[in-house]
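To start, the structure under review is shown below, and the notes come after it.
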There are 2 protein chains.
Amino acid sequence: MDERASVRTIDRMVEVLDCFSVDRPAWSLTELSARLDLPKSTLHRFLVGLERNGLVRRGHDDNKWRPGHRLVIWGSVASATNDIQQIAAPIMRELAETTRETILLTEYHVGEVVCMDKIETSHSVRIALDVGSRRAPHAGASSKVLMAYLPEDEVERIIEVGLPRYCERTITDPVALRSELERIRQCGYALSYEETDCGAWGIATPVRDWSGAVVAAVGLAGPTVRYSDDAAQRYVALCCDAADAISRRLGAGRADIR
Amino acid sequence: MDERASVRTIDRMVEVLDCFSVDRPAWSLTELSARLDLPKSTLHRFLVGLERNGLVRRGHDDNKWRPGHRLVIWGSVASATNDIQQIAAPIMRELAETTRETILLTEYHVGEVVCMDKIETSHSVRIALDVGSRRAPHAGASSKVLMAYLPEDEVERIIEVGLPRYCERTITDPVALRSELERIRQCGYALSYEETDCGAWGIATPVRDWSGAVVAAVGLAGPTVRYSDDAAQRYVALCCDAADAISRRLGAGRADIR
DNA sequence: CGTGATGTTCCGAAGAGTGGAACGGCGTTC
DNA sequence: GAACGCCGTTCCACTCTTCGGAACATCACG
């Protein structure tokens, strides 16, 4: 990446805002300063600037910093203007109704798989994955299917970073992972069973744009208690159909869609 | 506002990202440059920096700039960690079920009223207002109720900026508006009928935190075809109950909740 | 193959951002 | 109630980063 063609302040700002997570939404100045290894004065100036713009706010009892309202605005604009999400929504809804399982739309972005949209079912036992949440690129059906269509060197980079184990069946061996990816490319879909969360299984299929590039994955996630080979087979077909339908509306040619 | 205690780059970055809206999600470099009155070289450096961080992406057919995936992540974190939203959600859901109208949670932020959360009904005819969308502070029930509890000088500032008309019954006269706000403070809720959109009416009630400050509004919005004085009266009571329930869970004392 | 539009890179100058240090406010300890 | 320690805030002179005009590259169109 080109070091010169950038603005350091932007990188810093992103670092600051990236500190806020669902698990850790509130930070005091000192805490943030320690976490980011930035002088308090610098960070303070930063936070005040962010606050002025509604990117962060501070609680008026504790005065810890929290994410601000403008992030909600931007997030909704980003969601609403993502072509794939817009096109996928009705197809995902249909898929959710016929399968009665949680349906996910995921994208790969720099080393992570991001959940861009989801539809949950009415089942009381269901897999819940929040929009905006991120997962490892090697574990789970959606992750694997996205990884399978990544450029060679990107795959190697992911493997080099390491393949941590999340559950009993997480694939942590590079050789096994490479052959699994090859298998996925062969048959055009990915399966997982307790790779990320105990008690969960999933299916995922690739979504292609007009150029034939895989730009997203449509996935289905359910509890293992509702797993059966029969159901899996049925759902695979349905997921493939859904992904292909989305691809077609993105302009993908016949050749791309198996 | 303190001019010195800030970082210009942050303000600029916000300006850039603020250009993207649901109506205008894609911008070419030249378009943005014209809009923001920034040299193309500067803007380009900026955009590349934002792109590196996933705040914007460019289409690989047209290479226009669009909101990036990280905004989705931040938005979901901001939503998920907003205490008020979390607390309000179940109460709003109940309200939506009993009234079968769209329920809104709104907050006032620097001259605008932002929709922070919503629950839509199953009615095919319904009022749809997106999360993250923004409205004028003087038109509509939610806006008026939030404005009613603003500090005096903030109210005056809004009036000075101007009170544009959005619909036939928008209050555009400062005197009328001030007395309407007074009326809202008296009875503790706001009503609107075709103030923002033709064919829509609404109710809104204030939500208070532990300090007694009004921090949000719970609103109900429906089509005028389903309006009746009787229904309005019933819904006002229900909205008040809902807002009070949320306030109580935010720690508001008995005295604050009328 | 020229023309005009766009996007991209370069580089010297200038001033915006930096961060150590000092300050002020608040709660806690002795 | 004085002294201490912790945290947030402000200050200011130096310096490194960003700025933006201009040159360059790329592409579409005639």
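So that the names make sense, note that chain A is the first sequence line, chain B the second, and so on, each numbered from 1. Treat the numbers as computed from the prediction; the structure is a model and nothing was measured.
Listed pair A/His44 / D/dT9 meets the phosphate criterion, a side-chain N or O lying under 4.0 Å from OP1 or OP2. Neither OP1 nor OP2 of D/dT17 sits under 4.0 Å from any side-chain N or O of B/Arg45.
A donor-acceptor pair under 3.5 Å is formed between the side chain of B/His138 and the backbone N or O of B/Pro164. Of the possible donor and acceptor atoms, one in the side chain of A/Ser143 sits under 3.5 Å from a partner among the backbone N and O of A/Ala139. Between the B/Thr81 side chain and the B/Val77 main chain, a donor and an acceptor come within less than 3.5 Å of each other.
The distance from atom CG of A/Leu47 to atom P of D/dC7 is 16 Å, rounded to the nearest whole Å. Remark: C1' of D/dC7 and NZ of A/Lys64 are 12 Å apart, rounded to the nearest angstrom. In this structure, B/Arg58 places its CZ atom 16 Å from P of C/dT6, rounding to the nearest Å. Rounded to whole Å, the distance from CG on B/Leu43 to P on C/dT6 is 14 Å. Counting to the nearest Å, the P atom of C/dA5 and the CG atom of B/Asn63 are 18 Å from each other. The separation between A/Asp11 atom CG and C/dG17 atom C1' is 15 Å, rounded to whole Å. Put simply, NZ on B/Lys40 is 13 Å from C1' on D/dC24, counting in whole angstrom units. In this structure, B/Asp62 atom CG and C/dG7 atom P are separated by 10 Å, rounded to whole Å.
Taking only side-chain atoms of B/Leu29, from C-beta outward, the nucleotide of C/dT8, D/dG20, C/dG20 with the closest atom is C/dT8. Checking C/dG19, D/dC19, D/dG21 against the side-chain heavy atoms of B/Arg8 singles out D/dC19 as nearest.
Under the salt bridge (Lys or Arg N to Asp or Glu O under 4.0 Å) test applied with B/Glu51, the options B/Arg70, B/Arg66, B/Arg57, B/Arg58 reduce to a single match, B/Arg58.
Nucleic acid contact for A/Thr30: sugar-phosphate only, since backbone atoms but no base atoms lie under 4.0 Å from a heavy atom of the residue. Nucleic acid contact for B/Ser41: base, since at least one base atom lies under 4.0 Å from a heavy atom of the residue.
Of the charged side-chain nitrogens involved, none lies within less than 4.0 Å of a carboxylate oxygen, so that A/Asp18 and A/Arg12 do not count as a salt-bridged pair.
Comparing A/Thr42 and B/Thr9 by the nucleotide of DNA chain D whose heavy atom lies nearest to each, the residue mapping closer to the 5' end is A/Thr42.
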